[in-house]
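Any value given below was found using the heavy atoms of this structure, including those in side chains, with hydrogens, waters and symmetry copies removed. Indexing begins at 1, ligand by ligand and atom by atom, following the structure's order.
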Amino acid sequence: MMLAAVLAVATAGVIGVLWKRSRSTTPDPSRCDRCGKARVLLDEESEDPHLDEGQRHEERLGTADYHVWWCGACEHGAVIRHAMTATSRRVTCEKCGHDAVDEVSQTLSPATHVQGGEFVVRISCGSCGHKQRFWRYTPRVRAS
Ligand SMILES: [Zn+2]
Ligand SMILES: [Zn+2]
């Protein structure tokens, strides 16, 4: 029956739309959420006007690093905050409080003059064997 086939196709279409809508969209800063065009990552000099005083202050203090992705087509930017972890911080086991000793740091992306470094750190507790993993960010290489 033609009608049954049409109904089946229509139902599949509705389900498809609902499924697409219900999928959580993780915002990708490299793509503009207004016009869908690719954004560019601004360098340190050109991003400053897009940051407010508090954000610039955090960058100077070194507590956070901000990246600004800019869409030239519709002049709309996205500001992404990367929290800094002081490298001198002692890592303690979240389970037993022991100073975890074995620490393995893996570079995801090294620091350049446009982007800070990103590391994944894996530690295993010398006392209870509990494993932790966290991300660490380093500031951009400042042009001297
Ligand atoms: Zn755009
Ligand atoms: Zn432990």
Side-chain angles (χ1 to χ4, degrees), residues 5-144:
V6 168
L7 275 176
V9 169
T11 310
V14 168
I15 288 168
V17 168
L18 289 175
W19 179 73
K20 263 187 194 156
R21 279 202 189 138
S22 65
R23 276 173 72 195
S24 61
T25 47
T26 28
D28 175 11
S30 66
R31 198 151 287 281
C32 180
D33 51 13
R34 282 194 187 172
C35 69
K37 291 207 172 75
R39 280 190 176 121
V40 292
L41 185 62
L42 297 185
D43 61 28
E44 215 164 312
E45 284 77 48
S46 29
E47 78 177 20
D48 263 9
H50 304 287
L51 301 177
D52 63 31
E53 194 41 55
Q55 291 169 332
R56 282 198 290 268
H57 186 64
E58 273 195 287
E59 281 217 321
R60 280 196 300 272
L61 285 176
T63 52
D65 190 28
Y66 286 91
H67 292 169
V68 177
W69 290 89
W70 187 252
C71 172
C74 65
E75 305 207 315
H76 178 59
V79 179
I80 308 297
R81 182 183 193 269
H82 292 295
M84 294 291 188
T85 314
T87 42
S88 57
R89 201 188 69 154
R90 277 195 94 135
V91 181
T92 52
C93 175
E94 61 186 7
K95 213 172 176 185
C96 72
H98 183 268
D99 288 331
V101 277
D102 298 326
E103 183 177 315
V104 182
S105 175
Q106 182 195 343
T107 308
L108 295 178
S109 55
T112 64
H113 67 286
V114 287
Q115 200 164 352
E118 195 178 355
F119 303 87
V120 61
V121 181
R122 288 186 187 85
I123 57 164
S124 55
C125 178
S127 174
C128 72
H130 178 68
K131 284 179 171 55
Q132 284 172 251
R133 191 171 64 144
F134 56 91
W135 276 259
R136 189 175 273 171
Y137 298 97
T138 58
R140 274 169 284 191
V141 180
R142 308 245 162 197
S144 48

Backbone or side-chain N/O/S of Cys32 under 2.8 Å of the Zn ion (ligand 1): yes
Using 2.8 Å as a strict upper limit, say whether an N, O or S atom of His130 approaches the Zn ion (ligand 2) that closely. no
If I take every N, O or S atom of His98, is at least one of them less than 2.8 Å from the Zn ion (ligand 2)? no
Closer than 3.5 angstrom, by distance alone: can the side chain of [X] be matched with the main-chain N or O of [Y] as a donor-acceptor pair?
| X | Y | value |
| --- | --- | --- |
| Glu58 | Gln55 | no |
| Glu94 | Gln132 | no |
| Arg81 | Tyr66 | no |

Considering only NZ, NE, NH1 and NH2 on the basic side and carboxylate oxygens on the acidic side, decide whether Arg56 and Glu53 come within less than 4.0 Å. yes
In Å, rounded to the nearest 0.5 Å, how long is the span from CZ of Arg39 to NE2 of His76? 5.0 Å
Please work out the angle at the Zn ion (ligand 2) defined by atom SG of Cys96 on one side and atom SG of Cys128 on the other, rounded to 10°. 110°
Kindly report the SG-the Zn ion (ligand 1)-SG angle for Cys71 and Cys35 respectively, rounded to 10°. 100°
